[in-house]
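Below is one structure, written out as structure tokens, with a few remarks after it.
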There are 4 protein chains.
Amino acid sequence: MQDAHSEPTRDTNGKTKSTARRGRPVGDHKAKQAVLLKAAIAVIAKEGYAGASLRKVAKQAGYTTGAVTYYFANKEAMITAVAENLFDEFHALLEAGREHADLKAILEQWLEWTRTEDDAWLVLFQLLAHARHEPAFANILQQRYAGFRQIFTSILESGQSQGRIRRDIPADLLADQISAISDGWMMMFPLEPERFEPHRVQTLLDAAITMISPYPASGD
Amino acid sequence: MQDAHSEPTRDTNGKTKSTARRGRPVGDHKAKQAVLLKAAIAVIAKEGYAGASLRKVAKQAGYTTGAVTYYFANKEAMITAVAENLFDEFHALLEAGREHADLKAILEQWLEWTRTEDDAWLVLFQLLAHARHEPAFANILQQRYAGFRQIFTSILESGQSQGRIRRDIPADLLADQISAISDGWMMMFPLEPERFEPHRVQTLLDAAITMISPYPASGD
Amino acid sequence: MQDAHSEPTRDTNGKTKSTARRGRPVGDHKAKQAVLLKAAIAVIAKEGYAGASLRKVAKQAGYTTGAVTYYFANKEAMITAVAENLFDEFHALLEAGREHADLKAILEQWLEWTRTEDDAWLVLFQLLAHARHEPAFANILQQRYAGFRQIFTSILESGQSQGRIRRDIPADLLADQISAISDGWMMMFPLEPERFEPHRVQTLLDAAITMISPYPASGD
Amino acid sequence: MQDAHSEPTRDTNGKTKSTARRGRPVGDHKAKQAVLLKAAIAVIAKEGYAGASLRKVAKQAGYTTGAVTYYFANKEAMITAVAENLFDEFHALLEAGREHADLKAILEQWLEWTRTEDDAWLVLFQLLAHARHEPAFANILQQRYAGFRQIFTSILESGQSQGRIRRDIPADLLADQISAISDGWMMMFPLEPERFEPHRVQTLLDAAITMISPYPASGD
DNA sequence: GATGAATGAGTGTTCATTCAT
DNA sequence: AATGAATGAACACTCATTCAT
């Protein structure tokens with residue numbers, strides 16, 4: 001990508017005589033950090049949080065071990081950066097959908113996202129499992145989640161006032177349920193991907209929407 | 001290897017009543033294994049899967065390092081045993097509730113279980129996060145989960161035929177939703193325990209049941 | 001030494017195919033720990049505290065890195081063990097000399113010790129320099145030093161009552177001075193060993209003793 | 001390398017009054033080096049030699065990492081510069097006291113110095129501990145120390161000729177003893193600062209002087 | 001049947017040093 | 001003149017695993 005970096009992983013001689021490629025290179029800090037971040041996501045997705053060593057991330061990105069610790073103060077900082085990154089993307093998605101206030105459209109868009117960036121789920125899930133043992137990190141996730149639920153709630157509320165969402169359950173509780181359902185799917189997806197192929201997810205989505213919709217005139 | 005090793009968790013009598021053998025009171029192989037298992041659960045709950053070293057398990061149980069590797073072929077075997085153990089408990093719970101076919105009762109019973117054995121959730125969640133990278137282990141979880149969903153489906157079906165569960169969504173889809181919701185809760189519980197205190201869980205439960213119930217005569 | 005250990009450092013093939021010499025060996029814990037301790041002393045003497053890595057200690061002892069961390073909880077514990085070991089030796093020396101209450105004899109004996117076990121000084125000095133940044137370790141040294149000074153004081157006191165030590169300076173102050181002088185020598189010895197060859201040390205010693213002796217009948 | 005590098009500490013004007021050069025105010029090479037030197041002293045005092053990384057020095061001085069390696073060829077060069085700096089100060093002190101030839105005054109002055117610049121001792125001690133493993137560095141220390149002892153000897157000699165210093169021990173041996181005592185104090189000061197509070201040091205000093213003084217008319 | 005000494009690969013992290021800019 | 005990105009070796013430490021006893 002960066003020509004100044006001339007594909008460091010491709011060199012096959014292995015040993016790279018000590019004084020290779022030192023000194024100040026061109027690259028732009030942000031861009032390189034992004035490369036590392038992407039590598040981290042890929043590694044976490046493949047190996048899980050526990051298996052995601054800095055060495056593996058470095059290798060994946062074509063950098064040296066030292067480079068990773070240069071760009072991130074420590075592993076935790078890297079993980080946090082990954083989380084923020086992922087949440088930012090998700091937040092943008094949600095925010096974009098907010099104006100339409102069309103729940104189904106939002107959910108479908110989100111579905112599309114999970115399909116194209118399927119690593120995201122895997123990573124988010126790993127991060128969640130890890131959060132329990134890093135209170136500082138847990139805190140970040142909590143706040144982000146709370147934000148998402150709030151957006152969700154406001155969408156559901158406007159849906160209720162338009163008669164498209166059932167009114168017998170408060171919007172915040174519905175938001176919780178929808179949030180839990182999608183978390184539940186996220187949890188099972190890595191385990192049984194075949195149960196979450198597009199068609200089936202569409203069916204699940206329809207069922208979920210039916211559950212939060214008002215009954216038709218003569219319901220069953 | 002050791003034939004005594006095969007299917008250690010399947011035996012249902014639990015107690016291993018020493019089989020009246022005279023002389024040396026025998027190694028209580030299963031009993032000791034159970035102690036180790038309990039220790040493993042405690043450690044995983046506290047430290048997460050990644051942090052659960054065999055050393056820590058041994059220490060927690062008051063055993064030697066060697067003992068753990070003696071009773072379990074390797075770490076993976078120990079983890080698998082823990083999972084089987086947990087699922088067995090959960091299975092028993094579900095099976096017990098099956099006869100009543102009263103969904104709410106079942107959910108509440110399950111709720112009670114999660115409250116008394118709160119390690120279970122924590123551990124299950126950690127195990128799930130780990131499963132992705134151990135196909136053999138993933139397989140076990142898949143089968144167990146499939147079994148649970150099946151039981152759930154059959155309960156929901158009988159609920160539908162009795163008019164207590166909405167009929168506009170197939171029972172298996174409802175089972176999936178309920179399963180996903182509870183997984184979602186399990187996922188969030190370690191992160192935000194304060195959002196899952198008894199009263200609030202009751203509210204969430206009620207809402208969930210409302211969502212899968214048929215509408216009253218004149219619904220909204 | 002231990003035949004069960006068949007001189008591990010001697011093997012020249014370097015690689016030692018992975019599964020070599022595992023399992024429970026014969027050795028006696030204390031003895032092996034002593035070997036490691038000796039190795040640690042040698043390494044610290046040669047490379048200083050900072051340069052004394054666990055790897056180097058292991059190599060020096062003909063053990064693996066893991067073995068060192070098996071015998072000592074961590075580096076600090078190893079250092080502490082080294083210090084205790086050295087101080088114990090020194091204490092025994094001092095205690096032995098206490099009965100004669102002959103200061104000169106004691107100092108000469110101690111001189112002999114420093115000559116045969118010249119690493120001891122080097123190491124003690126390194127340890128002292130390190131102590132400043134490890135309060136727990138500093139504490140140990142303090143207590144040991146206090147003990148030594150006390151023994152010294154009691155020897156000087158009995159010397160005073162026998163008229164062999166000057167009485168115009170309190171024994172505890174003299175003990176401090178003697179202690180400081182020997183520390184000063186210890187400090188300089190590594191830097192200028194040629195200034196501390198036997199003959200010269202004898203001269204220094206004589207001068208020191210003259211300084212703490214009562215003046216002859218007609219002093220200068 | 002840089003000719004500006006040679007003898008950076010010897011210049012006595014201190015201020016480098018910019019030598020009236022017009023235009024770009026010039027790098028103030030020496031001034032910046034002095035800042036770095038001061039930072040290095042502070043860091044070594046706080047963290048010890050081993051803990052004094054170039055990064056920490058840079059940070060302490062508010063400079064970049066590169067700046068340190070720009071001003072000093074390498075770490076060893078920095079350490080050497082620190083030592084030279086410290087010894088220069090000490091030398092000036094001793095030289096100043098030489099004319100009075102009053103030993104007690106000198107020692108008290110020196111005491112004052114150690115009190116105001118207490119980092120000096122800490123650093124000198126750390127440097128001494130390190131010297132053993134850097135022969136080139138050790139050489140510098142040796143020469144400096146030899147110089148100090150010489151000055152000391154000459155002071156003691158003049159003291160002897162004036163009858164203020166005992167004559168039964170050669171001046172050079174007394175110089176060695178005094179030097180060793182002060183080194184011994186320096187060694188213990190970091191470990192037990194409470195034993196070296198002003199009053200006690202005064203007492204120690206008095207005792208030391210008594211030890212090298214001639215006996216009064218009717219001694220004990 | 002059980003132990004625990006020993007291994008060696010792997011971890012996160014720190015560091016002096018290099019050098020293109 | 002000065003910077004700071006990047007390196008790679010080294011560090012202390014942890015771990016699952018092996019196996020002689």
Side-chain angles (χ1 to χ4, degrees), chain A residues 4-5 8 15-29 32 50-56 58 63-76 78, chain B residues 2 4 24 26-27 29 32 50-56 58 63-76 78, chain C residues 4-5 8 16 18-29 32 50-51 53-56 58 63-76 78, chain D residues 2 24 26-29 32 51-56 58 63-76 78:
Chain A
H5 214 282
K15 286 275 104 153
T16 48
K17 297 289 283 182
S18 206
T19 30
R21 243 193 347 270
R22 291 286 200 79
R24 185 182 230 202
V26 252
D28 136 46
H29 195 92
K32 296 212 167 173
S53 72
L54 300 192
R55 274 166 181 73
K56 283 180 195 158
Y63 284 48
T64 61
T65 325
V68 181
T69 56
Y70 176 72
Y71 279 99
F72 302 102
N74 50 37
K75 187 177 180 178
E76 202 54 35
M78 185 184 79
Chain B
Q2 243 85 13
R24 164 159 160 289
V26 159
H29 194 93
K32 290 204 172 180
S53 72
L54 299 191
R55 272 168 179 67
K56 285 180 193 158
Y63 283 42
T64 61
T65 335
V68 183
T69 52
Y70 177 72
Y71 281 99
F72 301 103
N74 51 37
K75 188 177 180 178
E76 202 53 35
M78 186 185 78
Chain C
H5 214 279
T16 49
S18 205
T19 29
R21 240 190 352 265
R22 293 284 201 81
R24 185 183 229 200
V26 251
D28 135 45
H29 195 92
K32 295 215 167 172
S53 71
L54 301 191
R55 275 166 181 69
K56 285 178 194 160
Y63 285 47
T64 61
T65 326
V68 181
T69 56
Y70 176 73
Y71 279 98
F72 302 102
N74 50 39
K75 186 176 181 179
E76 202 55 34
M78 186 184 78
Chain D
Q2 244 84 12
R24 163 160 159 290
V26 160
D28 296 304
H29 195 94
K32 290 204 172 182
S53 72
L54 300 191
R55 271 167 180 68
K56 284 179 194 159
Y63 284 41
T64 61
T65 335
V68 182
T69 51
Y70 177 72
Y71 281 99
F72 301 103
N74 52 35
K75 188 177 180 178
E76 202 53 35
M78 186 185 78

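Any value given below was found using the heavy atoms of this structure, including those in side chains, with hydrogens, waters and symmetry copies removed. First the proteins, then the strands, lettered A, B, ... as listed; each starts at 1.
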Just to verify, what does D/S53 make a side chain to side chain contact (heavy atoms under 4.5 Å, CB included) with, not counting sequence neighbours?
D/R55, D/K56
Ignoring backbone atoms, test whether B/K32 places a side-chain nitrogen or oxygen under 4.0 Å from the OP1 or OP2 oxygen of E/dA2.
yes
Could you tell me which non-hydrogen atom of D/A58 sits nearest to which non-hydrogen atom of D/T64, and how far apart they are?
CB-O, 3.5 Å
Which nucleotide in the list E/dA16, F/dC13, E/dT7 gets nearest to the side chain of D/K75?
E/dA16
Taking for each residue the nucleotide of DNA chain F bearing the nearest heavy atom, is the 5' side occupied by A/G66 or by B/T69?
A/G66
Ignoring hydrogens, what is the shortest heavy-atom contact between A/K32 and A/Y63? Give both atom names and the distance.
CD-OH, 3.4 Å
Just so I know, are the side chains of B/L54 and B/T69 near enough to count as touching, which here means a heavy-atom distance under 4.5 Å?
yes
Please round to the nearest 0.5 Å and tell me the distance separating atom OH of B/Y71 and atom NE2 of B/H29.
6.0 Å
Would you say a side-chain N or O of D/K56 is under 4.0 Å from OP1 or OP2 of E/dC15?
yes
More 5' along DNA chain E: A/T65 or D/E76, using each one's nearest nucleotide?
A/T65
Scan B/S53 against the nucleic acid and name what it touches under 4.0 Å (heavy atoms): base, sugar-phosphate only, or nothing.
sugar-phosphate
Distance, rounded to the nearest Å, where C/Y63 contributes OH and E/dG8 contributes P:
14 Å
When all nucleic acid strands are considered with a 4.0 Å heavy-atom cut-off, which category describes C/A50: base, sugar-phosphate, or nothing?
nothing
Gap between atoms CG and P, on C/L54 and F/dT14 respectively (whole Å)
11 Å
Using a heavy-atom cut-off of under 4.0 Å over every strand shown, decide if B/A58 touches base, sugar-phosphate, or nothing.
nothing
Any donor-acceptor pair under 3.5 Å between the side chain of C/R55 and the base of F/dA10?
no
Base-pair map of DNA chain E as dot-bracket, where | denotes pairing with a different strand and pairs are Watson-Crick or G-U under 3.5 Å:
.||||||||||||||||||||
Walking DNA chain F from its 5' end, the first of C/A73 and C/G51 to be reached, judged by nearest nucleotide, is C/G51
Distance test, side-chain N/O of B/Y71 to OP1/OP2 of E/dA2, below 4.0 Å
yes
In whole Å, I'd like the distance from the CE atom of C/M78 to the C1' atom of F/dA12.
11 Å
Using the side-chain heavy atoms of D/A67, tell me which of these nucleotides is nearest: F/dT3, E/dT13, F/dT7.
F/dT3
